[in-house]
Amino acid sequence: MTHAYRSHTCGQLGIDHAGQDIRLSGWVHRVRDHGGLLFIDLRDHYGLTQIVIDPASSAFKMAEKVRSEWVIRVDGKVQPRPAGTENHELPTGLIEIAAREITVHSEARELPLPVFGDTEYPEDIRLKYRFLDLRRERIHNNIMKRGAIIDSLRARMKGQGFFEFQTPILTASSPEGARDYLVPSRVHPGKFYALPQAPQQFKQLLMMSGFDRYFQIAPCFRDEDARADRSPGEFYQLDIEMSFVTQEDVFEAVEPVLRGVFEEFGGGLPVTQKFPHIAFKDSIRWYGTDKPDLRNPIKMQAVTQHFAGSGFKVFAGMIASDPKVEVWAIPVKGGGSRAFCDRMNSWAQGQGQPGLGYVFWRELGDSVVDEQLARAFALVAETPQGRKLVAESGGAVPGVGTKLSAVDTAILNFGLQKLQLEGKLHEAASWWSKYMESAGPIAKNIGPERTEAIRNQLGLNVGDAVFFVAGVPAKFYKFAGEARTKAGEEMNLIAKDQFAFCWIVDFPMYEWNEDEKKVDFSHNPFSMPQGGLEALETRDPLTINAYQYDIVCNGVELSSGAIRNHKPDVMKKAFEIAGYPEDVIIEKFGGMYRAFQYGAPPHGGIAPGVDRIVMLLCNEPNIREVVLFPMNQQAEDLLMGAPSEATPKQLRELHIRLNLPEA
RNA sequence: GCGGGAGUAGCUCAGUUGGUUAGAGCGUCGCCCUGUCACGGCGAAGGUCGCGGGUUCGAGCCCCGUCUCUCGCGCCA
């Protein structure tokens with residue numbers, strides 16, 4: 001026994017070690033004192049080992065003294081546990097250590113935060129005692145998984161010929177974007193460095209320096225308020241940039257990295273194999289957001305024409321008064337009950353909306369097949385799909401006088417759809433009135449034919465519902481998206497247990513700033529506009545898209561990227577449209593603008609957020625569960641006590657005098 | 001900056017219509033206990049009910065203000 005602290009770790013010993021004299025060091029996880037016999041679960045980074053102390057043991061006196069989270073050393077012999085007392089939950093559960101001697105490395109005071117167990121604790125206490133919190137199994141594992149994920153990301157990037165670079169932390173403030181963290185310069189009174197919001201300009205400069213394929217696990221600093229999925233202050237990106245690439249080349253480089261890492265660490269959950277491309281415009285229209293959760297099957301559609309000139313005066317009037325007004329439908333399979341529709345309606349009211357109009361479809365009670373329907377069933381049964389349905393209903397076409405069953409309803413629905421395809425809306429509507437009904441105030445107002453047309457367009461059946469949102473889409477799409485999410489959650493339609501990825505592409509280059517009545521860059525000002533200089537010179541800026549894209553997974557925006565604008569004349573024009581003359585470009589982006597003048601390769605990149613990737617893979621709803629020492633919502637580090645006051649000497653050196661707000 | 005939720009023992013929480021001495025579990029301390037692994041049993045200590053004000057004979061509970069944490073909005077090219 002030569003090592004001062006341990007011969008093995010607490011996760012290492014098994015039945016093969018039985019009989020060996022060993023030495024372990026670790027934390028006292030849990031003590032079970034039986035008076036005569038005493039057990040200690042000893043924990044280190046690697047695992048848990050049961051120590052057993054017999055009253056006859058020389059270690060017994062000390063064993064009775066130790067408490068949770070003391071750090072101790074145990075000398076003893078590995079022995080198989082007596083038959084029947086093995087713990088198969090524990091990797092080391094077949095053995096235990098018969099202690100001969102226990103020495104205390106370090107005692108622990110009464111804990112503000114128990115390590116044992118998985119109770120929730122208040123965040124401020126967890127952050128103040130983060131070192132204790134980090135001993136706890138779940139977050140300890142999260143942090144280790146984070147490291148493994150980053151290793152894997154690195155290996156996958158290097159495997160594709162990317163090279164890792166380090167870019168400056170103290171750099172220049174950049175306009176637009178988030179608020180910068182500033183660092184005062186001692187040497188240059190009154191001047192400040194800024195911490196990089198992202199190494200955006202540096203990675204582009206690397207391309208202009210001829211390095212071709214850059215990546216970095218890059219720290220980024222933004223002085224913005226926190227969210228559950230957004231740390232205040234700092235976070236990490238897998239920052240990527242490539243030369244001589246189109247948008248497709250970037251997708252092909254990044255997709256396998258993300259797919260691979262999600263397959264490797266996603267606990268075997270299925271991962272989208274080929275990420276679908278969804279245009280920004282479509283994403284808004286279908287999902288009401290530019291970060292859609294594709295696990296939710298609900299896809300919205302415009303049904304404006306069915307309301308134009310209809311008896312539902314509220315919508316019809318809006319449509320007549322403004323050509324921009326649309327009515328969007330949120331179809332909800334299985335949502336066809338009064339209770340659910342009312343619940344959605346009152347939820348909408350809670351969101352400050354006037355309500356949520358709906359239609360749902362149900363069978364008329366005690367519907368019986370009449371001659372007309374029996375004839376229709378016979379016709380339907382001739383078609384392949386009809387044959388299948390009839391087979392499911394028991395092989396017989398329902399005859400006159402029989403009661404409608406659930407499967408008959410499916411046949412009926414199929415027949416109705418056929419009628420509609422043939423344009424026989426009137427006949428379809430008359431069927432409805434006989435065997436089924438549409439419920440909800442809107443159905444009554446617009447009448448059976450329009451209701452039936454909506455049902456058909458959305459492919460809905462008995463037992464389904466649809467909700468309507470009307471107005472100018474730009475103003476209501478967000479709420480529509482929330483209603484889609486709400487309905488999906490309420491009806492349990494969201495297929496959890498998968499990673500559903502997509503690319504959102506064709507982001508608009510500019511957007512209208514209503515406050516300042518001007519055109520703004522809607523995302524990255526360095527993005528290449530689709531159509532290049534010609535588009536900038538000839539088209540309405542608000543209709544121009546950029547080669548700008550996002551990756552979204554399960555409704556979480558994982559990253560944003562773009563093909564960059566590497567042409568000085570295009571850049572000059574692009575900034576001019578947003579109201580920035582050339583001297584502003586030179587002042588704010590001088591280094592990069594200069595580089596563009598001396599041979600810039602076409603290039604582009606992307607920057608997936610590492611913390612969010614880890615969060616998804618650890619199945620954590622909060623980013624602080626995957627960050628070692630996060631700050632709280634007020635951007636304070638409660639453990640280190642940051643931010644803190646500077647001494648007068650420090651301030652003097654920095655030429656700074658405080659001008660504090662009145663208390 | 002704004003809105004929602006929370007704040008009761010070291011920790012997790014309960015606390016009825018405003019009514020006697022504010023409870024439980026975990027933890028801590030003491031005693032008992034030789035096969036537990038969320039060990040068990042008995043007992044004890046531990047409370048500015050976030051803070052301040054108000055209503056009331058009486059406030060953990062009602063009202064006003066305020067602080068802290070959190071979720072969201074704003075913000076995040």
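Proteins get letters first, then strands, A, B, ... in listed order; numbering begins at 1 in each.
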Inset, instruction - Can you tell me, in whole Å, how much space there is between the C1' of B:U8 and that of B:C13? - result: 9 Å

Inset, instruction - Report the distance from atom CZ of A:Phe221 to atom C1' of B:C75, rounded to the nearest whole Å. - result: 20 Å

Legend entry - Residue met sooner reading RNA chain B from 5', once A:Pro55 and A:Ala228 are mapped to nucleotides: A:Pro55

Inset, instruction - Report the distance from atom CG of A:Leu37 to atom P of B:U34, rounded to the nearest whole Å. - result: 9 Å

Inset, instruction - Would you mind classifying the nucleic acid contact of A:Tyr121 as base, sugar-phosphate or nothing, using non-hydrogen atoms under 4.0 angstrom? - result: sugar-phosphate

Inset, instruction - Assign A:Glu89 to base, sugar-phosphate, or nothing according to its heavy-atom contacts below 4.0 angstrom with the strands shown. - result: nothing

Inset, instruction - May I ask you to say what A:Glu482 touches in the nucleic acid, namely base, sugar-phosphate or nothing, with a heavy-atom cut-off under 4.0 Å? - result: nothing

Inset, instruction - May I ask you to say what A:Asp223 touches in the nucleic acid, namely base, sugar-phosphate or nothing, with a heavy-atom cut-off under 4.0 Å? - result: nothing

Inset, instruction - Cation-pi check, A:Arg30 to A:Phe116: give yes when NZ or CZ is under 6.0 Å from the six-membered ring centre and within 45° of the ring axis, no otherwise. - result: yes

Inset, instruction - Would you mind reading off the distance between A:Gln634 atom CD and B:C67 atom P, rounded to a whole angstrom? - result: 12 Å

Legend entry - Which nucleotide in B:C11, B:C33, B:G35 has an atom nearest any side-chain atom of A:Ile125: B:C11

Legend entry - Proximity of A:Phe235 and A:Phe221 rings by center, below 6.0 Å: no

Inset, instruction - Among B:U68, B:U70, B:A38, find the nucleotide with the atom closest to the side chain of A:Arg30. - result: B:A38

Inset, instruction - Would you please indicate if the ring centroids of A:Phe165 and A:Phe202 are separated by under 6.0 Å? - result: no

Legend entry - A:Asn619 atom CG, neighbour heavy-atom count above 12 within 6.0 Å: no

Legend entry - Rounded distance in Å between the C1' positions of B:A9 and B:G25: 12 Å

Inset, instruction - Could you work out which one of B:G74, B:C71, B:U28 sits closest to the side chain of A:Gln633? - result: B:C71

Inset, instruction - Would you indicate what A:Asn632 reaches in the nucleic acid, counting non-hydrogen atoms under 4.0 angstrom: base, sugar-phosphate, or nothing? - result: sugar-phosphate

Legend entry - Side-chain-base donor-acceptor pair under 3.5 Å for A:Arg81 and B:C37: yes

Legend entry - Nucleotide nearest A:Phe39 (side chain, heavy atoms from C-beta), chosen from B:U36, B:U34, B:C37: B:U36

Inset, instruction - Round to a whole Å and report the spacing from CZ of A:Arg32 to C1' of B:G27. - result: 16 Å

Legend entry - Side-chain N,O (A:Asn622) to OP1/OP2 (B:C71) below 4.0 Å: yes

Inset, instruction - Check every strand shown and say whether A:Lys478 touches a base, only sugar-phosphate, or nothing at a heavy-atom separation below 4.0 Å. - result: sugar-phosphate

Legend entry - Neighbour count above 12 (heavy atom, 6.0 Å) for A:Tyr236 OH: no

Inset, instruction - Calculate the interatomic distance between A:Phe116 atom CZ and B:U12 atom C1'; express it in whole Å. - result: 14 Å

Legend entry - Over 12 foreign heavy atoms within 6.0 Å of NZ, A:Lys281: no

Inset, instruction - Classify the nucleic acid contact of A:Arg230 as base, sugar-phosphate or nothing, counting any heavy atom under 4.0 Å across all strands shown. - result: base

Inset, instruction - May I ask you to say what A:Leu38 touches in the nucleic acid, namely base, sugar-phosphate or nothing, with a heavy-atom cut-off under 4.0 Å? - result: nothing

Inset, instruction - Check A:Arg135, A:Glu107, A:Arg109 against A:Glu69 for a side-chain contact (heavy atoms from CB on, under 4.5 Å) and give me the one that passes. - result: A:Arg135

Inset, instruction - Write down the distance separating the P atoms in B:A6 and B:A14, rounded off to the nearest Å. - result: 10 Å

Inset, instruction - May I ask you to say what A:Pro112 touches in the nucleic acid, namely base, sugar-phosphate or nothing, with a heavy-atom cut-off under 4.0 Å? - result: sugar-phosphate

Inset, instruction - Would you classify A:Arg126 as touching base, sugar-phosphate or nothing, given that sugar-phosphate means primed atoms plus P, OP1 and OP2, and contacts are heavy atoms under 4.0 Å? - result: nothing

Inset, instruction - Would you kindly give the CG-to-P distance between A:Asp225 and B:G3, to the nearest whole Å? - result: 15 Å

Inset, instruction - Considering only atom C1', compute the distance from B:A45 to B:U28 and round it to an integer number of Å. - result: 9 Å

Inset, instruction - May I ask which nucleotide in the shown strands pairs with B:G72, Watson-Crick or G-U wobble, both distances under 3.5 Å? - result: B:C2

Inset, instruction - Determine, answering yes or no, if A:His34 is stacked on B:U36 under the 5.5 Å centre rule and the 30° plane rule. - result: no

Legend entry - First encountered from the 5' end of RNA chain B, between A:Pro122 and A:Thr85: A:Pro122

Inset, instruction - Using whole Å, report how far NE2 of A:His29 lies from P of B:C37. - result: 14 Å

Legend entry - Below 4.0 Å: OP1/OP2 of B:C73 and any side-chain N or O of A:Arg227: yes

Inset, instruction - Take the protein atom CD of A:Glu64 and the nucleotide atom P of B:U36, then report the distance between them rounded to whole Å. - result: 19 Å

